[in-house]
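Step one of this worksheet: look at the structure below.
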Amino acid sequence: MASARPWWKDAVVYQIYPASFKDSNGDGLGDIPGVLSKMDYLKGLGIDIIWISPMFESPQVDMGYDISNYEEVHAPYGTVKDMEDLIAACHSRGMRLILDLVINHTSDQHAWFQESKSSRDNPKRDWYIWKPPRYAEDGARLPPTNWRSYFSGGTWEYDEHTQEYYLHLFAKEQPDLNWENEETRKAIYDSAMRFWLDKGVDGFRVDCVNMYSKVVDFQDAPVVDKTFYEQPASEFYANGPRMHEFLREMNEQVLSRYDAVTVGELPHTPDPRKVLQYVGLGDRQLSMVFQFDIVAIGQNVAQKYNFEPWTLPVLKEIVAKWQQFIEGTDGWTTAFCENHDQGRSVSRYASDAPEHRVASAKMLAMMMCALTGTLFVFQGQEIGMINLPKSWPIDELKDIEALGYYKSMAAATNNDKETMATVMRNLQILGRDNARLPMQWDSTAHAGFTDSKDGPWMRVHDLYPDINVTKQLQDPGSTYSFWKAMIQLRKEHKDMLVFGAFEIFEPDGEKTFVFAKTHRNNKAVVALNFTSDDQRVTLPPFDGLALRVGTYPDAADVEKAAAPGNMRTLRPWEGRLYMA
Ligand code: NOJ
């Protein structure tokens, strides 16, 4: 049980991806005034905190996760003044705003890196991670290690001018900052954090939060994927030796002075004991984290996008694990299953077939809204947006990671037709672009996202006339209306739904997911059907269980007609929530 209830624990957070949310000026790209125009929509849904993905000045090699100036806004998105207006617009509605804090790396266009690479004796040389080459026996120049970067290829880029390599865990345009250098850390705190905290932002989603401290003897990673020279190497840069020291310092010197909330992105950390080391309230590092198990379902360990089929017990075990790991501690957890780096949840965890997608979206909404932890909703999740159509060719994809995977697989297999068809299928399920399609506001041209004559920066989903906000706002039976009602219910019963103890039933069942949430004598039971057929479920034998919400409109009538006892039949992708 959590020992305290700071303001952010029972909040519902809504993530905005600025490029794809709403274009206000007809250039085909979303912007901050576009966000401002939708504030009442977000308030109406029941949102407490807005998290906006990077809107800082950036060459946009990685959609803004490559920042060239922390203290400026990417001009096509707006200005610092627009951000001040957004902070005010949130606060005047009783909402809060958190920004993305991307401080493992900067853009190679950041003034710090420009100085760092200008000469070996520049005072900022040591602000990034530079190493001399290695040489093979035949004299060929080799990078300092064989580490694989996230966007395919290696993590080292050679600089002809100074004849050394610099480290980049992501694109070569995203050099890693050297956190070993105290002066660099202080500059990061000032520029990326205090600048915005002083303007009133309420906290940060912290990018790659466990990657700042590297194992600094820079060894080769073991070979696990013989197709490539570069190998997965997270053990050398994730959860490194000084990680907790750095986070305590950041908290002590900056965050705690503003009562700022943080949610850290925590990949490569499956061990709950390690996660707890980041999120204990008393230790003052991070408020909470996004642990990656749920979004890694179906990903291959060596090659993320090589999709692997999975079964429901895997998902159930993961949900249970990250619900229960905080019990009896002062740690806190998050409930999320979508963000800008993932395929849409309806397509990944349920069914986006035309006859099942609405039921699927509501069933997943019920699950998410009943889970303990701070709840995160990604833009479009509230209307049940789905993955991009299977028919779209590679030219429609924009993401640097997807294109890197595509190119490296094409090169490794000599463009083998069958392999490349599988690659496209994998990207259609797992690719980051799935989440980045423009928000579907209405059924007018370009889904009402933009009125640009040239259309949006990224193609709008073909199904926008069916799946859009305007249509759903008017329909009490829509996915949007269901999310709104579930968020309200979550708030009314927060002791159980936000803070309650989690219990799972029949963890091995492959078709249905039944769990309970308990606070003192109060119980909620959630029964979910994860198949396209009718399924029988057994409700736990709690006295006085009564149906509170169903995802099917006639759930109350069906419940009344049910035979006495604990057995129920759930229809395809149906969810029911009972309370006692
Ligand atoms: C995680 C972000 O969510 C992702 O979009 C980005 O590419 C990497 N970190 C690098 O910043």
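Just follow the structure's listing: the first ligand is 1, and inside any ligand the first atom is 1. Residues: numbered from 1 along the sequence shown.
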Problem set entry | Within-cut-off N or O pair, Gln174 and ligand 1, under 3.5 Å | no
Exercise. Trp51 and ring pair (Phe, Tyr, Trp, His ring centres under 6.0 Å): which partner among Phe336, Phe378, Phe290?
Worked result: Phe290
Exercise. Nearest protein heavy atom to atom 5 (O) of ligand 1, by residue and atom, and its distance?
Worked result: Asp341 OD1, 2.7 Å
Exercise. What part of Met63, side chain from CB on, backbone N/CA/C/O, both or neither, has a heavy atom under 4.0 Å from ligand 1?
Worked result: neither
Problem set entry | Verdict with supporting geometry, Val12 and Asp48, side-chain contact (heavy atoms from CB on, under 4.5 Å) | CA-CA 5 Å; Val12 181; Asp48 305 297; 3.8 Å; yes
Problem set entry | Protein contact of atom 8 (C) of ligand 1 - nearest heavy atom, named by residue and atom, plus distance | Phe170 CE2, 3.6 Å
For this session: Check the side chains of Gln174 and Asp66 for a donor-acceptor pair under 3.5 angstrom, ignoring hydrogens and angles.
Result: no
For this session: For Arg432, take its heavy atoms, then give the atoms of ligand 1 lying under 4.0 Å from any of them.
Result: 4 (C), 5 (O), 6 (C), 7 (O)
Seminar exercise, completed: Quick note on ligand 1: atoms under 4.0 Å from a heavy atom of Cys208 include exactly 9 (N)
Exercise. Are the aromatic ring centres of Phe113 and Tyr166 under 6.0 angstrom apart?
Worked result: yes
Problem set entry | CH2-CG distance between Trp156 and Asp176, expressed to the nearest 0.5 angstrom | 8.5 Å
Seminar exercise, completed: Within the 4.0 Å heavy-atom cut-off, what Arg436 brings close to ligand 1 is side chain
Exercise. Do the side-chain N and O atoms of Ser347 and Asn434 include a donor-acceptor pair separated by under 3.5 angstrom?
Worked result: no
Exercise. Looking at ligand 1, does His105 have a heavy atom less than 4.0 Å from it?
Worked result: yes
For this session: Provide, to 0.1 Å, the distance between atom 9 (N) of ligand 1 and the closest protein heavy atom, together with that atom's residue and name.
Result: Asp207 OD1, 2.8 Å
Exercise. Taking the six-membered ring for Trp, is the centroid-to-centroid distance between His244 and Tyr278 below 6.0 Å?
Worked result: yes
Seminar exercise, completed: The answer for which part of Phe151 has a heavy atom under 4.0 Å from ligand 1 is side chain
Exercise. Which ligand 1 atoms does Glu265 reach within 4.0 Å, using its non-hydrogen atoms?
Worked result: 1 (C), 2 (C), 3 (O), 9 (N)
Problem set entry | Arg185 vs Met250, side-chain contact (heavy atoms from CB on, under 4.5 Å): CA-CA, chis, key distance, verdict | CA-CA 9 Å; Arg185 300 201 299 274; Met250 180 201 275; over 6 Å; no
For this session: Could you check whether the rings of His110 and Trp112 sit parallel, tilted or perpendicular, using 30° and 60° as the cut-offs?
Result: tilted
Exercise. Should Arg205 be listed as contacting ligand 1, given a heavy-atom distance under 4.0 Å as the test?
Worked result: yes
For this session: For atom 7 (O) of ligand 1, grab the closest protein heavy atom and report residue, atom and distance to one decimal in Å.
Result: Asp62 OD2, 2.5 Å
